[in-house]
Every structure is written in C-alpha cells, then in structure tokens.
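Every number for a ligand or one of its atoms is a count from 1 in the order of the listing.
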Amino acid sequence: MKHVIETSRLYLRELNQADYSSLAAIVQDEQTMYAYEGPFSDAETQAWLDKNILRYKQDGFGLWAVILRESGAMIGMAGLTWQSIEQATVLEIGYLLNRRYWGMGFAIEAAKACKEYAFSVLEANEVYSIIRDTNIASMNVAIRNGMLVRGRFVKQYRGVSMPHLVFSAKRTT
Ligand SMILES: CC(C)(COP(=O)(O)OP(=O)(O)OC[C@H]1O[C@@H](n2cnc3c(N)ncnc32)[C@H](O)[C@@H]1OP(=O)(O)O)[C@@H](O)C(=O)NCCC(=O)NCCS
C-alpha cells in the first residue's frame, strides 16, 4: 500500500479493514480515550474506520495509519480531516497513539509531517488542532508543532458539552 507520508522513523498509509484490531487496541483503551469520554464500542470502532475510509474517497485524505518502520507495527493514527468550529470548517491535524508508544516523540514526528503535507501538498494556508481543555499531552504536541492558541469553544460530543481550545499554525512561505 502506498505510503502517503514518510518520516525518519514512521510512515503513514491509508487505513483498511485489516487494521481493525490495531485500531481497536487504541480506541477501546479507557486511558487513551479519556478525552473522548471513554472507550469506543465495537460498533463505534467500525464506524470510525468506515468514516476515515470514506474520507479518503471524498476528500483525498483522512486519519491515516501510523506505522513504525523498523517493525511494521501500526502504532496509531494521524492525519488531516475537515472539522467544524462553530460556523467555520477548518483543516485539522489529529493524532492518537497506542499507549505503549507514548513519550517517544512519535506523535510530534507524525504531526509535523502532517503540517508539512497540508502546506505543501494541499496548499492550505492554515492548519488547526482542536483539543479538549483537559488534554495536556495533545496540547503539548500542538505547541511542539509550532501552533498557537487562537480561541476556545464548546463542542458537543457523545452527549457531553466539552470546552475545547483551538490551536493553529499559519503557512509562512
Ligand atoms: C496525544 C498523544 C498522541 C501524545 O503522545 P505523546 O507520546 O505524549 O507525544 P509524543 O509522541 O510527541 O512524545 C512526546 C514526548 O516524547 C519525548 N521524546 C522521546 N524521544 C523523542 C524524540 N525522538 N523526539 C521528540 N520527542 C521525544 C519528548 O520529550 C516528550 O516527552 P515529555 O512530554 O515528557 O517532554 C497521546 O497522548 C495520545 O494518543 N492520547 C490519546 C488520544 C488523544 O487524546 N489524541 C488527541 C486528541 S486532540
């Protein structure tokens, strides 16, 4: 399968049905999913996979599988999606990693590569990360990715009102 993005330790490629169990190990883990109001059910996991496969067809991008080059293991998801902030639609960099691979710099390595892809391939002028106000690890990835806080809003997700911070980086060249 084609590598959409390559970095020194990782490559990103489209998700497919064979990734279900690697995906479930991430989105069905309670600790990983604390900012999403708890782990996904099997049905929510499949819907999430289907939604990203549809995004590849409709948008040409989505959240991709993050693969560790040295082992071939799928260690997470990272990529670009359209997201709503109140009335606006923005291009967002998202990332989730299997907990075994936290604290090794893989999220920032993937996030930086997604920012570069958004600016150079998609020719975006600005990219965002929309982060629940409790999610400090994710905010640190956004900060290391050269983003600043631009605002805050309350997002409704899984029936809960969640304050979020809006981070973004603007293209400079
Ligand atoms: C958000 C998330 C992906 C961040 O993962 P992470 O492992 O903290 O982030 P990174 O991979 O960038 O790792 C950064 C850490 O690795 C360290 N590190 C080790 N080797 C490194 C390297 N070669 N390069 C950079 N950092 C390195 C850094 O010092 C940093 O540690 P510190 O925070 O103690 O200073 C992870 O917490 C997660 O999956 N959370 C659940 C899903 C989620 O909430 N996603 C975001 C939704 S908005």
### Task
Return a yes/no value for I130: is any of its N or O atoms, backbone included, closer than 3.5 angstrom to an N or O of ligand 1?
no
#### Entry: Min heavy-atom dist R9 to ligand 1 below 4.0 Å
yes
### Message
Does the plane of the ring in H3 sit parallel, tilted or perpendicular to the ring in Y11? Use 30° and 60° as the thresholds.
### Response
parallel
### Message
Under the criterion ring pair (Phe, Tyr, Trp, His ring centres under 6.0 Å), I'd like the reasoning laid out for W64 against Y117: C-alpha separation, chi angles, the key distance, then a yes or no.
### Response
CA-CA 13 Å; W64 297 297; Y117 186 93; 5.4 Å; yes
### Atom indices of ligand 1, in the order listed, that fall short of 4.0 Å to a heavy atom of A137
37 (O)
### Task
Would you check whether V141 has a nitrogen or oxygen atom less than 3.5 angstrom from a nitrogen or oxygen atom of ligand 1?
no
### Message
Would I108 count as being in polar contact with ligand 1, using the rule that some N or O on each side must be under 3.5 angstrom apart?
### Response
yes
#### Entry: Min heavy-atom dist R144 to ligand 1 below 4.0 Å
yes
### Task
Could you tell me whether L96 and ligand 1 have an N or O pair separated by under 3.5 Å?
no
### Identity and separation of the nearest protein heavy atom to atom 20 (N) of ligand 1
M104 O, 3.2 Å
### Query
Under 4.0 Å between a Lys/Arg side-chain N and an Asp/Glu carboxylate O for D19 and R13?
yes
### Task
Answer yes or no for Y34: is there a heavy-atom contact with ligand 1 below 4.0 Å?
no
### Query
Taking N or O atoms only and a 3.5 Å limit, does T32 qualify as a polar contact for ligand 1?
no
#### Entry: Y95, any N or O under 3.5 Å of ligand 1 N or O
yes
### Query
Under 3.5 Å between some N or O of ligand 1 and some N or O of G103?
yes
### Task
Would you check whether L97 has a nitrogen or oxygen atom less than 3.5 angstrom from a nitrogen or oxygen atom of ligand 1?
yes
### Message
Check for me whether N140 has a heavy atom closer than 4.0 Å to any atom of ligand 1.
### Response
no
